[in-house]
Structures are given as C-alpha cells and as structure tokens.
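Atoms considered below: every heavy atom in the structure, side chains included; atoms not considered: hydrogens, waters and symmetry mates.
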Amino acid sequence: MQLGLIGLGKMGGNMRERIRRAGHTVIGYDRNPEVSDVKSLAELVEKLDAPRHVWVMVPAGTATQTVIDELGDLLEPGDTVIDGGNSRWSDDEKHAAALGIKGIGFVDAGVSGGVWGLQNGYALMVGGEKQYVEPLRPIFEALKPEGPYGYVHAGRVGAGHFSKMVHNGIEYAMMQAYAEGWELLEKVHSVENVREVFRSWQEGTVIRSWLLDLAVNALDEDEHLEKLRGYAEDSGEGRWTVEAAIDNAVPLPAITASLFARFASRQDDSPQMKMIAALRNQFGGHAVEKKD
C-alpha cells in the first residue's frame, strides 16, 4: 500500500520506517530536506497513485491547519487525509467538513508510543467514517504492536483524538502519583535505596507499568535526579481533558490536580505559598521565612 507522510520528526520519521519494514511504500515530506523524500507537498501528491492517502504528523494548531488547507487544494475527490498529530478533537469536525465539501475523506488518529514506537509499535485510536478508515487498516496494522491489541476504531470523527486526549490525562495522573511517591521515599532517612524500591515494584505489584519501568531507567541514569530541574511543561492535552470534564460535568480530581502540579513546577517562589505562609503567621503565629 502507498502512503504519503508529512512530518518526519522523532515520531513521524520512526513511523515511516516501521511502515516500510512492513512492506508498504511511504513517500515522506518534511521541511528538513535532509530527511524528506520529496521537495514539496505538491511533489508528494504527484508521486502517489489515486486514491491517495496522506498522513499528517505535524504539531497541532496552526501547523496542522496550514498543511490540511494546502492538501485540500492539492488532493482530489476520493483521497483521504489522516491527522495523526495531537490535534484537539473539536478541530477534527471542522477539517472533516471542509475536506468533505471537496469529496476528500478525513480520519483522525490518536497515536501513542513516542520514541519507542519504532521498536514496540504504536497504540492507535482512530475516528472517522468506516468508508475512510477501513482502507487504511494495512497501515494501522503495520504501526500497531504485535498481538491483538493496540488499534481501535473508536467512533466518528474526533473520537480518535478525544480518546488520545483522555489517555494523556490519565498519563498525567499516573506520572504525578509516581513522582509524589518518589519524593516521599527520598525524604525519609529510613529508606536508603529508593531506586531499588522502585525497581522492586516492577514485578508482582499492582502498580507495575511501563511508566514505572521508565522511572527506573531514569533513576539508573541519575539516581537522585540531581541533574534535572523540577520543571515540567504540559502539552495542552491535560488542559483539554479538564475542560472536557467541566463541559460534561465529569469529576476528574486526580487528573486536574496533576495538571495544576505542573503549573506549580514553574514557580521558583510560589505566590500562593507566600499568602499561605502569611495567613498561618497571622492566625497562629507560625514562623515565616524571609527572603535574603
């Protein structure tokens, strides 16, 4: 099967390689000419046989919108665009409608696997009409991990990215729980080998997971994480998950707290903690620390 793939960064480049290893033809385009197979989107479209299938793997927002707009002018009725980036689910309906007017299909694919996907495969959550999704099954089968799991047609347009968004929200909460447990273990004097405690959890416990394995990898590289600054960005999907929870009146206390914890990580001197310290001093005479 032929596939056009736009965006050959850390994930896109590995996806191209994994699909090729499965015996399919992939023509890739990237703004970096050193990794691109063609010089332009127009050349990519020219090299694909109809009906064309073009997978977009670029940053969400303006970059994705720009590429999809350009593909809308280049592709023909019967072709299909797949958005595999981390786009907001609400954008998918707009893209599907705009392309649909021109007879071009649209599929949204939430992709999880990161830099390990080439080796382990990618989990795929797909949204869109069956007539556009089913012809792409050979590509999904090439990308997914071996075995019966790792690919789902989650529902109509937007379902793939919505599912991936919730996946990332759960990921936020799981990482926060591991991080809090690690900090508490590091704090007490009686626990002398925190890294090996984490390692002991990798087998036979209910909290074992791939994230736990990655935590152990990180501790093997830097046992007390002394080389790192306590700062964590958020990709945006955690925020979208919390917003969706509010819109649907679904309580998400753990995921919401984990998102706010990331915001706190960006404050070297928390304004909120200043107020809390001041209030504790006012009502209870508790000591406060002054700046130098």
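Interatomic distance, Leu75 CG to Ile104 CD1, rounded to the nearest 0.5 Å: 5.0 Å.
Counting only heavy atoms from C-beta outward, the side chains of Tyr122 and Met11 approach each other to under 4.5 Å. Using a 4.5 Å heavy-atom cutoff, the side chains of Asp92 and Phe162 are not in contact. By the 4.5 Å heavy-atom criterion applied to side chains, Ile19 and Met1 are not counted as neighbours. Between Phe140 and His153 there is no side-chain heavy-atom pair separated by less than 4.5 Å. Looking at Val56 and Leu71, their side chains come closer than 4.5 Å, going by heavy atoms from C-beta outward. Side-chain contact between Asp83 and His161: present, with at least one pair of heavy atoms (C-beta onward) separated by less than 4.5 Å.
For the side-chain hydrogen bond (donor to acceptor under 3.5 Å, both in side chains) test, no residue two or more places apart in sequence or in another chain qualifies with Asp222. Every side-chain contact (heavy atoms from CB on, under 4.5 Å) that Asp69 has, sequence neighbours left out, goes to Gln65.
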Could you give me the CA-CA distance, side-chain angles and deciding distance for Leu5 and Tyr29, then say whether side chain to side chain contact (heavy atoms under 4.5 Å, CB included) is met? CA-CA 6 Å; Leu5 181 58; Tyr29 170 71; over 6 Å; no
For a side-chain hydrogen bond (donor to acceptor under 3.5 Å, both in side chains) check, start with the C-alpha distance between Glu186 and His224, then their side-chain angles and the critical distance, and finish with the verdict. CA-CA 8 Å; Glu186 285 276 343; His224 301 289; 3.1 Å; yes
Give the intermediate values and the outcome of side chain to side chain contact (heavy atoms under 4.5 Å, CB included) for residues Leu185 and Phe198. CA-CA 10 Å; Leu185 287 167; Phe198 262 60; 3.8 Å; yes
Is there a side chain to side chain contact (heavy atoms under 4.5 Å, CB included) between Asp91 and Lys94? Walk through the geometry before answering. CA-CA 5 Å; Asp91 290 339; Lys94 300 175 186 176; 4.0 Å; yes
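Residue Gln131 qualifies as enclosed at atom CD: its count of foreign heavy atoms under 6.0 Å is above 12. Remark: Tyr231 OH is packed, more than 12 non-hydrogen atoms of other residues, nucleotides or ligands lying under 6.0 Å away. More than 12 heavy-atom neighbours from other residues, nucleotides or ligands sit within 6.0 angstrom of CD on Glu223. For CZ of Arg31, the number of neighbouring non-hydrogen atoms (other residues, nucleotides, ligands) closer than 6.0 Å is 12 at most.
Under 4.0 Å is where a charged nitrogen must lie from a carboxylate oxygen, and between Arg16 and Asp37 at least one such pair does. Ion pairing between a basic and an acidic side chain is recognised when a charged N comes within 4.0 Å of a carboxylate O; Glu233 and Arg266 show such pairing. Ion pair Glu134/Lys130 not flagged as a salt bridge, since none of the NZ, NE, NH1 or NH2 atoms sits closer than 4.0 Å to an Asp/Glu carboxylate oxygen. Under a 4.0 Å N-O distance rule, the pair Arg88/Glu243 qualifies as a salt bridge. Using a 4.0 Å cut-off between charged nitrogen and carboxylate oxygen, Arg199 and Asp220 count as a salt-bridge pair. Taking 4.0 Å as the cut-off between side-chain N and carboxylate O, Glu76 and Arg52 count as a salt-bridged pair. Salt bridge annotation for Glu17-Arg21: present, with a cationic side-chain nitrogen under 4.0 angstrom from a carboxylate oxygen. Lys164 has a carboxylate O that lies under 4.0 Å from a charged side-chain N of Glu237, or vice versa, which qualifies the two as a salt bridge.
In this structure a side-chain-to-backbone donor-acceptor pair under 3.5 Å is present from Thr66 to Thr62.
Connection of Leu184 to Ile207 is not established within any shared hydrophobic cluster, with ILVMFWY side chains joined at heavy-atom distances below 4.5 Å, either directly or through further cluster members. By the criterion of side-chain heavy atoms lying less than 4.5 angstrom apart, applied directly or through intervening Ile, Leu, Val, Met, Phe, Trp or Tyr residues, Val54 is not grouped with Tyr132; the two fall into different hydrophobic clusters. Under the 4.5 Å side-chain heavy-atom criterion for Ile, Leu, Val, Met, Phe, Trp and Tyr, Val188 and Tyr178 are members of the same hydrophobic cluster. If you chain together hydrophobic residues whose side chains sit under 4.5 Å apart, Val81 and Trp55 never meet in one group.
Between Pro51 and Gly78, the closest heavy-atom pair is CB-O, 3.4 Å. The minimum heavy-atom distance linking Ala154 with Gly160 is given by the pair CB-N, 4.5 Å.
Within the structure, the side-chain hydrogen bond (donor to acceptor under 3.5 Å, both in side chains) test picks out no pair touching residues 245-263 (sequence neighbours left out).
Side chains of Thr241 and Tyr172: a donor-acceptor N/O pair is absent below 3.5 angstrom, by distance only.
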